[in-house]
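One structure below.
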2 protein chains.
Amino acid sequence: MDSRESAEMYLETIYILSQKSDAVRKIDVSRYMGYAKPSVTRAIGLLEKRGLVNVDDSGILKLSKEGEQQAKRIYERHTVLTKMFMNLGVDEETATEDACRIEHYISETTFDAIKKHMAKYE
Amino acid sequence: MDSRESAEMYLETIYILSQKSDAVRKIDVSRYMGYAKPSVTRAIGLLEKRGLVNVDDSGILKLSKEGEQQAKRIYERHTVLTKMFMNLGVDEETATEDACRIEHYISETTFDAIKKHMAKYE
DNA sequence: TCCTTTAGTTAGCAAATGCTAACTTTAAAA
DNA sequence: TTTTAAAGTTAGCATTTGCTAACTAAAGGA
């Protein structure tokens, strides 16, 4: 996996888990992503260094303002791409999987075009 | 870059260069991709081991049957995705760049759906 | 014939990610 | 209070890809 993709996946995961629970810890990320704990420890450490995530004394993860922006950006791509693929007749599971891989690699320009296009179908 | 993506890019490059010239060598791949020669030496060595590329005594690269199949598969994705993005109003350069990144990550199912969709516009 | 340019190779570095093993710490259970 | 289970951390391995440095080999020019 690409380095940027990896970071984005961690951010997105924290964002998604934060919507379901208000006390997200590393172990939750570990389980959700299916990665070993040390992988999560390091990855989140890097996100902290970059100022995208904060971990409080009790081990609760919070996205910073910028971290949340980035997470939302990816998550929006995720949902829009999934819809687009489903709109073309792809089943939900496959559409989600594809969106999840592609969301990291689409340029702003192309994503905007897709988003505008999809807006017609709402 | 992902390992599979890397291999696919080399195959696609050899395929593209083979359409312009019938004597493609490693140095050509090196220049086209902008990679140093040792990177190409190793990458093509791996493709040879996998039976996807053959290098004859004079250093000319040929895709094997399977190598060509894979290269064509990727190249088709490249062209179809580029068209789709341009169809949504994206400029050619951006469309090509995006297609080039995404072509490696789309499932067969989703690509088929896109392809069918694009067929309507021909 | 000798020299230079070009293609290709070998060896080894750096970066990044995921993993296991083993340890610490904390918190809950008995 | 003691024990046990769960969360995290540290250390270090493996894999993969691209790079540079330095070398070999072959082809062409002078």
Side-chain angles (χ1 to χ4, degrees), chain A residues 1-14 17-18 20-63 67 70 74 97 100-105, chain B residues 1-14 17-18 20-63 67 70-71 74 97 100-101 103-105:
Chain A
M1 193 189 289
D2 175 277
S3 167
R4 199 197 57 189
E5 175 178 351
S6 173
E8 288 177 348
M9 284 304 296
Y10 279 102
L11 289 175
E12 191 179 7
T13 297
I14 295 170
L17 292 177
S18 295
K20 300 179 189 166
S21 157
D22 39 42
V24 178
R25 285 162 307 165
K26 290 175 186 171
I27 190 67
D28 302 314
V29 174
S30 175
R31 293 204 179 103
Y32 186 87
M33 297 182 81
Y35 287 161
K37 289 187 293 173
S39 305
V40 175
T41 294
R42 182 177 48 199
I44 292 191
L46 292 172
L47 295 176
E48 273 190 279
K49 270 191 194 163
R50 290 169 56 190
L52 301 173
V53 172
N54 295 304
V55 184
D56 71 21
D57 296 334
S58 54
I60 306 300
L61 309 179
K62 299 283 183 197
L63 292 171
Q70 290 197 24
I74 296 300
E97 283 170 11
C100 205
R101 263 177 277 121
I102 290 162
E103 62 194 16
H104 314 283
Y105 299 109
Chain B
M1 191 188 293
D2 174 279
S3 165
R4 199 197 58 187
E5 175 177 352
S6 172
E8 288 177 348
M9 285 303 298
Y10 279 102
L11 289 175
E12 191 179 7
T13 297
I14 295 171
L17 293 176
S18 294
K20 299 179 189 165
S21 156
D22 39 43
V24 177
R25 284 160 310 164
K26 291 175 185 170
I27 190 66
D28 302 314
V29 173
S30 175
R31 293 204 178 102
Y32 186 88
M33 298 181 82
Y35 286 161
K37 289 186 294 172
S39 305
V40 175
T41 295
R42 182 178 46 198
I44 292 190
L46 293 173
L47 295 176
E48 273 190 279
K49 271 190 195 164
R50 290 169 56 193
L52 300 173
V53 172
N54 295 304
V55 185
D56 70 21
D57 298 334
S58 53
I60 305 302
L61 310 179
K62 299 286 183 193
L63 292 172
Q70 291 197 24
I74 296 300
E97 282 170 11
C100 206
R101 264 176 277 122
E103 62 194 17
H104 313 283
Y105 300 109

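Remember, predicted model here, so these are calculated numbers, not experimental data. These numbers come from the heavy atoms of this one structure, side chains and all, not from hydrogens, waters or symmetry mates. We name chains A, B, ... by the order of the sequence lines, and we start the count at 1 in each one.
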Could you run down nucleotides 8-19 of chain D 5' to 3' and tag each one B, S or - for protein heavy-atom contact under 4.0 Å?
BBBB----SBBB
Mind checking whether B:Tyr105 and A:Tyr105 have parallel, tilted or perpendicular rings, split at 30° and 60°?
parallel
Rounded to the nearest 0.5 Å, what separates atom CD1 in B:Ile44 from atom CZ in B:Arg25?
12.0 Å
Return the CD to CZ distance between A:Glu5 and A:Arg101, rounded to the nearest 0.5 Å.
9.0 Å
Residue pair B:Leu11, B:Val53: steps toward the side-chain contact (heavy atoms from CB on, under 4.5 Å) verdict:
CA-CA 8 Å; B:Leu11 289 175; B:Val53 172; 3.9 Å; yes
Under the 3.5 angstrom rule, does the side chain of B:Ser30 hit a backbone N or O of B:Val40 as a donor-acceptor pair?
no
Quick one, A:Val29 with A:Ile14, criterion side-chain contact (heavy atoms from CB on, under 4.5 Å). Give me CA distance, side-chain angles, the key distance, then yes/no.
CA-CA 7 Å; A:Val29 174; A:Ile14 295 170; 4.0 Å; yes
Enumerate the protein-to-nucleotides 23-28 of chain C contacts in which both atoms are nitrogen or oxygen and the separation is below 3.5 Å.
none

A:Ile44 CD1 to C:dG18 P, in whole Å, measures 11 Å
Is the backbone of A:Asp2 close enough, under 3.5 Å, to the side chain of A:Ser6 for a donor and an acceptor to pair up by distance?
no
Please check this pair: side chain of B:Ser21 against backbone of B:Leu17, looking for a donor-acceptor N/O pair closer than 3.5 Å.
no
